[in-house]
2 protein chains.
Amino acid sequence: MAVTLADVAARAGVSSATVSRVLNGNYPVSGSTRERVQRAVEELDYVVNGQARALAAATSDLVGVLVNDVADPFFGILASALQTEIGAGAAQRGGGGKLAVVCNTGGSPEAELTYLTLLERQRAAGVVLTGGAVESEEHTAAVRARLVRLAASGTRIVLCGRPPLTGPDDGPPVTTVTFDNRGGARRLTEHLLSLGHRRIGYVAGPVERSTTRHRLEGHREALAARGLGPDTPEGAGALRLTVHGSYDRPSGYDAALELLRREPRLTAIVAANDSVALGVCAALRDRGLSIPDDVSVAGFDDLPFSADACPALTTVRIPLAEAGTRAGRLAMGRQSPPPGGVATITTELIVRASTAPPVTSGS
Amino acid sequence: MAVTLADVAARAGVSSATVSRVLNGNYPVSGSTRERVQRAVEELDYVVNGQARALAAATSDLVGVLVNDVADPFFGILASALQTEIGAGAAQRGGGGKLAVVCNTGGSPEAELTYLTLLERQRAAGVVLTGGAVESEEHTAAVRARLVRLAASGTRIVLCGRPPLTGPDDGPPVTTVTFDNRGGARRLTEHLLSLGHRRIGYVAGPVERSTTRHRLEGHREALAARGLGPDTPEGAGALRLTVHGSYDRPSGYDAALELLRREPRLTAIVAANDSVALGVCAALRDRGLSIPDDVSVAGFDDLPFSADACPALTTVRIPLAEAGTRAGRLAMGRQSPPPGGVATITTELIVRASTAPPVTSGS
DNA sequence: CTGTTAGCGCGTTCAG
DNA sequence: CTGAACGCGCTAACAG
């Protein structure tokens with residue numbers, strides 16, 4: 001069926017080993033035979049069998065990239081940058097380009113483990129886990145065990161957008177590119193507080209997610225620093241102004257309505273991310289409330305569409321493309337890990353039109 | 001190093017063939033030995049070597065998905081739906097789940113070919129090419145040759161969002177899920193015409209792209225049907241109101257400024273897609289023009305953010321998730337190809353706030 | 001510089 | 001129902 005090395009060798013009148021050598025170019029071969037072989041390859045339209053090569057050489061062309069959802073631009077941008085560093089583009093720049101296997105976990109822990117197994121099967125050269133981690137004790141342990149085994153067998157592991165692996169400090173290195181979610185969230189809420197807001201609703205992401213937790217912690221740190229800690233009457237009120245949902249638009253819509261029900265005098269809502277924030281905006285508009293006059297709204301991530309939203313969204317920028325590029329280089333072993341194995345990507349407050357001082361309508 | 005079939009066999013006191021049989025479950029094995037083997041697998045944390053299996057069985061766990069840019073939600077949504085059908089999720093629903101290899105071509109013909117080679121190397125089980133095709137004679141032929149070879153070697157080929165393969169009708173089947181871009185564009189421009197617009201600018205995508213061509217053709221069909229064909233004075237004017245750019249926001253921004261330069265009395269602008277339309281909106285706003293009072297704007301694709309844009313965008317919906325699902329099933333051989341090998345996905349005009357009748361300011 | 005020889009780890013005959 | 005033997009296509013020693 002398919003033409004093999006042996007076929008090429010026969011056609012060129014050499015041994016298959018010689019063909020292999022000209023193909024890989026990692027061994028001296030005389031110019032004349034090289035040419036003869038190359039001609040035979042062209043004529044026969046020969047394409048190496050990646051699996052056979054991988055088996056024999058004990059190497060792989062695959063790098064796994066786990067994301068929650070490629071349809072979400074957050075992961076899309078990350079994946080795109082990773083791809084650029086991993087893939088054929090990188091190959092053309094002269095570094096053994098590999099194939100990026102993008103795996104959609106949908107945020108499901110089981111899917112995450114399933115994919116890790118599949119990638120282990122394929123003896124992937126690297127695995128990048130992106131986005132917030134599910135923080136159940138059991139799942140953390142399971143993932144950790146898998147990653148340690150993968151790393152032990154030579155697979156490079158990179159975490160991007162989630163906290164470093166905890167636990168015993170032995171085991172092979174797992175490098176991490178993490179985002180300063182907590183700091184960003186803190187600065188965002190500080191911004192609202194300094195505008196004069198005091199009754200601030202918070203639409204958090206799914207529970208048991210590292211990203212959700214960090215952003216919420218940052219939010220509460222800012223509140224506490226203004227004397228709105230959970231032990232104060234006003235702060236206790238703030239606690240009740242937190243609702244959890246998923247990281248999508250409909251979730252923001254529902255959450256905003258719920259928050260208004262709990263506290264009609266709300267003057268600001270902070271959302272878990274930009275998509276959620278757009279849902280919040282839609283709900284407020286449907287309720288006849290104007291943004292930011294009646295209620296200020298803020299998001300997180302600064303995805304491209306946030307600047308075009310109505311009104312343009314105040315948010316926290318995460319340089320996703322930069323993070324993805326860095327993670328990709330690490331996964332390809334083309335860049336040495338940062339000291340301590342953890343690089344933190346800083347986040348930046350972006351103030352736009354969706355936040356303004358609360359209108360103190362008399363009272 | 002890694003534990004192999006033989007290790008498991010030794011531990012279970014059976015032959016490696018038996019282990020292979022219980023693993024694949026496609027051969028009768030007695031209950032007791034089966035259990036013994038399974039225990040050994042557990043104890044040793046055995047994970048099959050995908051490459052060895054693929055080599056021996058001449059099958060592959062990979063399905064390639066070529067996209068222009070995963071960071072673009074258009075492709076993200078498509079890829080997500082494809083993934084769901086191809087990946088571990090499908091596996092859990094009980095159909096040999098495969099790994100989706102998402103390849104970013106960046107719209108580059110060379111990258112497209114490079115990836116096709118890489119996938120051929122891996123003996124991919126399927127390949128899905130998404131998005132508009134580059135329509136140069138040379139590249140079309142090159143891709144066609146590659147696809148024919150892949151199909152001949154048993155790889156299932158699916159085109160999604162691009163026109164069917166042209167050329168001699170021999171060769172193995174290549175199924176296509178194509179979008180009715182032309183019809184959608186026609187209806188969109190008809191909508192503007194029926195609102196009363198006559199001086200309509202058009203921001204087209206990159207030249208030599210099937211999507212660009214089809215949308216532009218639809219636009220011009222609508223014009224011609226209203227007696228604004230290229231042979232009429234007014235129609236000839238319309239021809240000069242077309243500028244080409246890339247499928248992104250900055251391109252729309254620049255194009256809008258250029259169009260205003262060519263025709264300050266413009267009352268509407270149709271964009272190649274929603275991202276471009278947002279760029280157009282931004283440019284108009286910066287020029288102090290209001291949408292839709294001064295200028296109506298329309299996009300294409302109906303990506304999620306379009307409804308939240310300012311104002312909400314009139315556009316043409318393509319059911320991308322549905323298309324991706326369908327293409328995924330076809331690539332997995334889980335659904336039989338449509339008669340003729342071509343399924344056309346219909347598009348739907350979505351009218352929102354960004355289009356309105358032109359304000360006939362006296363004159 | 002080149003050919004010969006072994007495997008890589010698994011699926012699959014073919015006997016038993 | 002099970003084991004032994006062979007080969008998938010290629011790379012990597014080892015000789016020459």
Side-chain angles (χ1 to χ4, degrees), chain A residues 1-38 40-41 44-62 96 117-118 120-125 153-154, chain B residues 1-38 40-41 44-62 96 117-118 120-125 153-154:
Chain A
M1 266 248 353
V3 27
T4 74
L5 247 202
D7 298 333
V8 177
R11 186 117 160 90
V14 297
S15 77
S16 60
T18 301
V19 179
S20 167
R21 295 199 261 256
V22 326
L23 253 42
N24 294 300
N26 49 4
Y27 229 76
V29 175
S30 87
S32 61
T33 52
R34 165 187 312 278
E35 270 185 42
R36 215 140 31 89
V37 169
Q38 278 167 340
V41 167
L44 269 52
D45 265 335
Y46 171 70
V47 177
V48 293
N49 184 322
Q51 354 231 10
R53 164 182 290 185
L55 181 57
T59 62
S60 166
D61 284 8
L62 302 180
T117 302
L118 253 46
E120 192 174 350
R121 273 216 221 312
Q122 299 297 327
R123 306 295 187 258
S153 71
Chain B
M1 272 252 342
V3 26
T4 73
L5 249 201
D7 298 332
V8 177
R11 185 121 161 90
V14 296
S15 77
S16 60
T18 302
V19 178
S20 167
R21 284 170 191 139
V22 325
L23 253 45
N24 294 302
N26 48 5
Y27 232 77
V29 175
S30 87
S32 62
T33 52
R34 167 189 309 280
E35 269 186 42
R36 217 141 29 90
V37 169
Q38 278 168 342
V41 167
L44 267 52
D45 265 337
Y46 171 72
V47 178
V48 293
N49 184 321
Q51 352 232 5
R53 163 181 289 186
L55 182 56
T59 63
S60 166
D61 284 7
L62 303 180
T117 301
L118 254 47
E120 192 173 352
R121 274 214 220 312
Q122 301 296 327
R123 306 296 188 255
S153 71

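Naming convention: chains lettered A, B, ... in sequence-line order (proteins, then strands); numbering from 1 in each chain. What's counted below: heavy atoms across the whole structure, side chains too, no hydrogens, waters or symmetry copies.
Here salt bridge (Lys or Arg N to Asp or Glu O under 4.0 Å) pairs that include residues 45-58 of chain A, with residues two or more places apart or in two chains, are A:Asp45-B:Arg149. Sorted by first and then second residue, the salt bridge (Lys or Arg N to Asp or Glu O under 4.0 Å) pairs with a member in residues 13-31 of chain B form an empty list; sequence neighbours excluded.
Comparing the end axes of the helix from C:dC1-D:dG16 to C:dG16-D:dC1, each fitted to five base pairs by superposing C1' atoms of four pairs onto the next four, gives an inter-axis angle of 40° (nearest 10 degrees).
Residues satisfying the side-chain contact (heavy atoms from CB on, under 4.5 Å) test with B:Thr117, not counting sequence neighbours, are B:Arg121, B:Arg146. B:Ala12 pairs by the side-chain contact (heavy atoms from CB on, under 4.5 Å) definition with B:Val14, B:Val37, B:Ala40, not counting sequence neighbours. A search for side chain to side chain donor-acceptor pair (under 3.5 Å) contacts involving A:Thr33 returns A:Ser30, not counting sequence neighbours. By the salt bridge (Lys or Arg N to Asp or Glu O under 4.0 Å) test, B:Arg11 is found to be paired with B:Glu43, residues two or more places apart in sequence or in another chain being considered. Residues forming a side chain to side chain donor-acceptor pair (under 3.5 Å) with A:Thr18 (at least two apart in sequence, or on another chain): A:Ser15. Residues satisfying the side-chain contact (heavy atoms from CB on, under 4.5 Å) criterion with B:Leu62, sequence neighbours excluded, are A:Leu62, B:Ser60, B:Leu99, B:Val101, B:Gln122.
In this structure, A:Ala54 and B:Gln51 approach most closely via the heavy-atom pair CB-OE1, 2.7 Å. Annotation for B:Ala52 and A:Leu55: closest pair CB-CD1, 3.8 Å, computed over non-hydrogen atoms.
When DNA chain D is scanned in the 5' to 3' direction for atoms under 4.0 Å from non-hydrogen atoms of chain B, the outermost contacting nucleotides are D:dC1 to D:dG9.
Atom CZ of A:Arg36 and atom C1' of C:dC1 are 13 Å apart (whole Å). Note: CG (B:Leu5) to C1' (C:dG9) measures 7 Å, nearest angstrom.
Remark: B:Asp61 CG to B:Arg123 CZ distance equals 15.0 Å, nearest 0.5 Å. A distance of 9.5 Å separates OG1 in B:Thr4 from CG in B:Asn49, rounded to the nearest 0.5 Å.
Contacts between residues 20-27 of chain B and DNA chain D, defined by a heavy-atom separation below 4.0 Å, involve B:Arg21, listed by number.
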Could you list all N or O pairs between the protein and nucleotides 5-8 of chain C that sit under 3.5 Å apart?
residue: C:dC8; atom: O2; partner: A:Ala56; partner atom: N; Å: 3.4

Q.
Between B:Leu5 and B:Leu23, is the side chain to side chain contact (heavy atoms under 4.5 Å, CB included) condition met? List the steps.
A. CA-CA 10 Å; B:Leu5 249 201; B:Leu23 253 45; 4.2 Å; yes
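Nearest-nucleotide assignment on DNA chain D puts the 5′-proximal partner with B:Ser32, out of A:Ala6 and B:Ser32.
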